[in-house]
Amino acid sequence: MEVVDKIITLEKESLKVFVDSIYLKESKLKLDGSMMSNGLDAGVVGQQNGSTNVQGGGQEESKTNLIVNYLPQTMTQEEIRSLFSSIGDVESCKLIRDKVTGQSLGYGFVNYHRPEDAEKAINTLNGLRLQNKTIKVSYARPSSEAIKGANLYVSGLPKNMTQQDLESLFSPYGRIITSRILCDNITVRQFVTGAGENLPGLSKGVGFIRFDQRMEAERAIQELNGTIPKGSTEPITVKFANNPSNNNKAIPPLAAYLAPQATRRFAGPIHHPTGRFRYSPLAGDLLANSMLPGNAMNGSGWCIFVYNLAPETEENVLWQLFGPFGAVQSVKVIRDLQTNKCKGFGFVTMTNYDEAVVAIQSLNGYTLGNRVLQVSFKTNKSKTT
DNA sequence: CGACGGGACGC
DNA sequence: CGACGGGACGC
C-alpha cells in the first residue's frame, strides 16, 4: 500500500513538471507565431509554399503526411487515429506491423487532408509522453530505396563528446535524421528534469547517426571511419548499424507470440476486472460505481470523467494528462455548440482498469493552471434522460 | 457556485 | 569491447 502511494506521489511530481513543460512549450509557440518545430526534431524541412516540401535530394516531401515514431508497443492503429484526429481530419492512418507476428513495429504514418493540421500535429504531439515512450512526430519523407539502411553505428567516441559534437562531425556528409549517444544510466526521463536531479549519465562512447540518404551514410563511413576526432587520441569506428529485425533479441521464446498485445487485441478488456480488484482497498470505492452497466466500462475500455477544465481546453491536454498512465483509446472535450468553448468537462477512455485507477488516483485533485481537477470514473448522470 | 457526451451499430 | 528507451519509409 505504501509503495503504491509512493508511486502515485512520484507520478504526480513528475506529472506536474511535465505539464509545466507543456505549458512552456505552448506559450513559446504562441510567442513566435507557430511554424516552429518544437526543438526535439532537428531535421524537418521548412518549405512554406505549395503543397510539398522540397528537400536536398530534389524529392518532394508531402506537407500532409507524417511519420510517427517510438509508439508504445500496445498502441493500436485506431488509437493512433484517435490521437491524431484530435488535431484535424485524418485522411489515412497506418500502423506498421511485423508481417508474421503482427506485432507493432513502433511506427506508423498519418496523412491529413490539410497541411496546417499536419503542422499543428507536429507542434502539439511531437514529444508527447505515452506510457513509457516519448513519441516523435515529423514529416514523412517520400518513400524510396535511397533512404533505407542509412543508419550508422559509431564507436570509439571520446567520452566527453556531446550529441551536438557528434552531429557537427557528421553533418558535412548529409542531412541527419536522428542522432544519439548511449549513456550508462538510463535517466532519459526528459520531462522530469525540472527538479534538477537528472545527471546526463556517462557516455559509453557509442552512438548512432541516421542520415536521410544511404549514399550520405556511405560517404560518412568512407570519410570518418578510422579517423581521430579533434581533441581525441583514439580513432572512431563508423559502420552501418545492425538491422533491428535480425536482432539477437534473446530468442523470442514462444511466449512473445502469444503475449500481451496479441491476445489483448482479440480478447478485449473483459479479462481486466478480475476478482483481485474487487477486494482492493485502493480501488474499492472506484469500482463500486463503475461496475454498473452503461457506466465507466463500455465494453471497449473504461470511461473517465474529468471535471473543471478551462474553457480553452483542447483534446491534446487530455492526451498529455492521461497518456503517461497507460493505454488511452480516446479523449473528448465537451464544448458548447455556440461558443465552441469547453463546458468544463471531458471524457477519457482507457483500455486497462488498473491503469485507469492509477490515472484517477493521480489526477484527481491535481491543479491544472489554477483549477483543481476532479477525476473519476464516468457515472450515469445525464441532462436529457 | 458549477458536475457526466454524442454519434449512432450493418446487412 | 560496445547496438539504443526506441524497429524511420508503408512488412
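Just so you know, these numbers use all the heavy atoms, side chains as well, and skip hydrogens, waters and symmetry mates. Throughout, a chain's letter reflects where its sequence line sits, starting with A, and its residues are numbered from 1.
- Using a 4.0 Å heavy-atom cutoff across all strands shown, G156(A) reaches at least one base atom of the nucleic acid.
- With distances taken from any side-chain atom of I334(A) to the nucleotides dC9(C), dG5(B), dC4(B), the minimum falls on dG5(B).
- Among the atoms of the strands shown, only primed sugar atoms or phosphate atoms (P, OP1, OP2) are found under 4.0 Å from some heavy atom of F345(A).
- Between F208(A) and dA3(C), no base-stacking contact is recorded for ring centres under 5.5 Å apart and planes less than 30° from parallel.
- Stacking between Y107(A) and dG7(C) is absent: the ring centroid is not both under 5.5 Å from the six-membered base ring centre and under 30° in plane angle.
- Side-chain to base pairing of D184(A) with dG2(C): no donor and acceptor N or O lie closer than 3.5 Å to each other.
- Looking at which nucleotide of DNA chain C each of L182(A) and T178(A) is closest to, the 5′-most match is held by L182(A).
- The stacking criteria are not both satisfied for Y70(A) over the base of dG5(C), which would need a centre-to-centre distance under 5.5 angstrom and an angle between ring planes under 30 degrees.
- Ring-centre distance between Y153(A) and F208(A): below the 6.0 Å cut-off.
- Among dA3(C), dC9(C), dC4(B), the nucleotide with an atom closest to any side-chain atom of K239(A) is dA3(C).
- Residue contacts for N65(A): at a heavy-atom cut-off of 4.0 Å it reaches a base atom on one of the strands shown.
- Taking side-chain N and O atoms only, R141(A) has no distance below 4.0 Å to OP1 or OP2 of dA8(C).
- Taking the six-membered ring for Trp and the full ring otherwise, F347(A) and F377(A) have centroids separated by 6.0 Å or more.
- A side-chain N or O of T351(A) and one of Q329(A) form a donor-acceptor pair less than 3.5 Å apart.
- Note: CG (N126(A)) to P (dG6(C)) measures 18 Å, nearest angstrom.
- No side-chain donor from either of S168(A) and D165(A) sits under 3.5 Å from a side-chain acceptor of the other.
- Ring-centre distance between F345(A) and F305(A): below the 6.0 Å cut-off.
- Applying the 90° cutoff around 0 to the glycosidic angle, dA3(B) is assigned anti.
- Taking the O4'-C1'-N9-C4 or O4'-C1'-N1-C2 dihedral as appropriate, dC9(B) has a value within 90° of 0 and is therefore syn.
- The listed nucleotides are dG2(C), dC9(C), dA3(B); the one nearest the side chain of E234(A) is dG2(C).
- Defined by atom type and a distance below 3.5 Å, a donor-acceptor pair is present between the side-chain atoms of N308(A) and R371(A).
- In the set dA3(C), dG5(B), dC11(C), the nucleotide with an atom closest to the side chain of K332(A) is dG5(B).
- Look at K343(A) and you won't find any side-chain N or O under 4.0 angstrom from OP1 or OP2 of dG2(B).
- Here the nucleotide nearest the side chain of S138(A), chosen from dC4(B), dC4(C), dA8(C), is dA8(C).
- Of the two residues near DNA chain C, L71(A) and K99(A), the one whose nearest nucleotide lies more 5' is L71(A).
- Listed nucleotides: dC9(C), dG2(B), dC4(C). Nearest to the side chain of I147(A): dC9(C).
- Looking only at atom types and distance, the side chain of N111(A) has a donor-acceptor partner in the side chain of E91(A) under 3.5 Å away.
- Comparing the C1' positions of dC11(C) and dG7(C) gives an interatomic distance of 11 Å, to the nearest angstrom.
- Residue-level contact check: N308(A) touches neither bases nor backbone, having no heavy atom under 4.0 Å from any strand.
- Closest to the side chain of C303(A), from the set dC11(C), dG5(C), dG5(B), is dG5(B).
- Close to dG10(C), at under 4.0 Å from its OP1 or OP2, lies a side-chain N or O of K148(A).
- For dA8(C), one of the phosphate oxygens OP1 or OP2 lies less than 4.0 angstrom from a side-chain nitrogen or oxygen of N69(A).
- Listed pair R97(A) / dC11(C) fails the phosphate criterion, with no side-chain N or O lying under 4.0 Å from OP1 or OP2.
- Base orientation of dC11(B): anti, since the glycosidic angle falls outside 90° of 0.
- Comparing the C1' positions of dA8(C) and dC4(C) gives a spacing of 14 Å, expressed to the nearest Å.
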